[in-house]
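Please read the structure below before turning to the comments.
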2 protein chains.
Amino acid sequence: MKAIIIIFVKMVGVENLSRKEQVIRAASELFKEKGYAATSMRDLAHALGIEAASLYSHIKSKEEILQALCFEMAKRFRRSLEEVESADINFSEKLRRGILGHIRVMAEELTASAVFMNEHRHLSQPYLRDFLLMRINYINRFKKIIESGIAAGEFKKVDTKLAVMTLFSSLNWMPLWYDPSGMINPNQLGNQLADMLIDGLKTK
Amino acid sequence: MKAIIIIFVKMVGVENLSRKEQVIRAASELFKEKGYAATSMRDLAHALGIEAASLYSHIKSKEEILQALCFEMAKRFRRSLEEVESADINFSEKLRRGILGHIRVMAEELTASAVFMNEHRHLSQPYLRDFLLMRINYINRFKKIIESGIAAGEFKKVDTKLAVMTLFSSLNWMPLWYDPSGMINPNQLGNQLADMLIDGLKTK
DNA sequence: CCTACCGATCGGTAGG
DNA sequence: CCTACCGATCGGTAGG
């Protein structure tokens, strides 16, 4: 009897979680497509085949969905970079692996990545502030890799701000044009992007 | 008497135009800051110190402002590229000048550029369709320069879609981080970006 | 998860 | 450029 209750409780738990997950995923698609502000809770409810009021059994507010999305993605990106930083490799290789990791995370959650990048500004305070601090920290860690590479003589003495912003621009736009069903996989894409940025377009 | 009427008519014309310009510019700032959907006509009116209803003496609708902004910028970008295409220079130089032209246009209208890039999706049909066609055409002309450069042996055999999307990502994010009051001017910025993409980060 | 509903705000119009 | 106002829609709550 106890076992049955535990199973039942677990199932309810799972069901709640997965229903909330479903709501967040459906929202993610709509936020990507139409933008956060232009997506209504009625749009979202319609996509799930329920009434707008019913959404509030699973989430506290529209913004809570955006918060969950943005901070979950931020966490994944951070973890991916931490693995690279601790590796004992040269700076070109660190940069390459940082790029590969970022693209892998993005490819796993293409829709959420697009929202993460385009819609985070609709976070209210203090979430927006926290989010931006995390982002600038992440960018600065890539910048440090480039600076270290310059100091070590691996990279040219470029403007590091320009270099890192160019890198991030390229990375961040990808969810908007990358076709995961296409011929090129995330790893190949990452390697080609790294080649291009590190070695340039020009034949030697 | 006739002269006076003509002068009067001209002044009214200029005044209407410049007031409409003011409305579009104020809207541009708000659209960049908060996004198109999250900017209300009351926000815009407040920024101009008038009532929301008064805006409609100068513009027909909220979307008309976005249309004016987007298509004006598209026209500028197109003109800039046309000058480059007709020049008799090699493909590295064509690419470089294309980049410089794009950045110059952006730097002249930083706010409008940011809106152009981030908010065009809120255009309704058939404007959205026209806009996207113009954009794909513009991108394809850059892509052709890269393809020609590869065919001529100037560039490596990279994935041209990746190369051109990387280029555009970098260009399009600039309005969000470039500080025109900083030490680097648009020309320097363009040259450094071109150097980086064409020659790469790595020391030879 | 639903029905019924709330106050606030939206883009825009009429008429001056 | 204003006052006065419109119908539609917004995010969200009460209560079941």
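Because the structure is predicted, anything quoted here is derived from the model rather than measured. Note on naming: letters A, B, ... go to the chains in the order of the sequence lines (proteins, then strands), and numbering restarts at 1 for each one.
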field: Distance in angstrom units between A:H46 NE2 and C:dC1 P, rounded
entry: 16 Å
- request: Just jot down the salt bridge (Lys or Arg N to Asp or Glu O under 4.0 Å) partners of A:D159, sequence neighbours excluded, or say none.
  value: none
message: Can you classify the ring geometry of A:F77 versus A:Y138 as parallel (below 30°), tilted (30 to 60°) or perpendicular (above 60°)?
response: tilted
- prompt: For the ring pair A:F155 and A:F91, is the centre-to-centre distance below 6.0 Å?
  reply: no
task: Measure centre to centre between the rings of B:F116 and B:F71, then say whether the value is under 6.0 Å.
output: no
query: Do other residues, nucleotides or ligands put more than 12 heavy atoms under 6.0 Å from the CZ atom of B:R25?
result: no
Heavy-atom pair with the smallest gap, counting every atom of A:S170 and B:S169: CA-CB, 3.6 Å
Enumerate all atom pairs, one protein N or O and one N or O from nucleotides 6-13 of chain C, separated by less than 3.5 Å.
from	atom 1	to	atom 2	distance (Å)
C:dC10	OP1	B:S40	OG	3.4
C:dG11	OP1	B:T39	O	3.3
C:dG11	OP1	B:K62	NZ	3.0
C:dG11	OP2	B:M41	N	2.8
C:dG11	N7	B:R42	NH1	2.7
C:dG11	O6	B:R42	NH2	2.9
C:dG12	OP2	B:Y56	OH	3.0
C:dG12	OP2	B:K62	N	2.8

- line: Of the candidates D:dC2, D:dC1, C:dC1, the side chain of B:S57 sits closest to D:dC1
field: Paired stretches of DNA chain C - 3 or more consecutive Watson-Crick or G-U pairs, each distance under 3.5 Å
entry: C:1-16 with D:1-16
- request: Determine whether the aromatic ring centres of A:H120 and A:Y127 lie less than 6.0 Å apart.
  value: no
- prompt: Distance-only, no hydrogens or angles: does the A:K34 side chain make a donor-acceptor pair with backbone N or O of A:E29 under 3.5 Å?
  reply: no
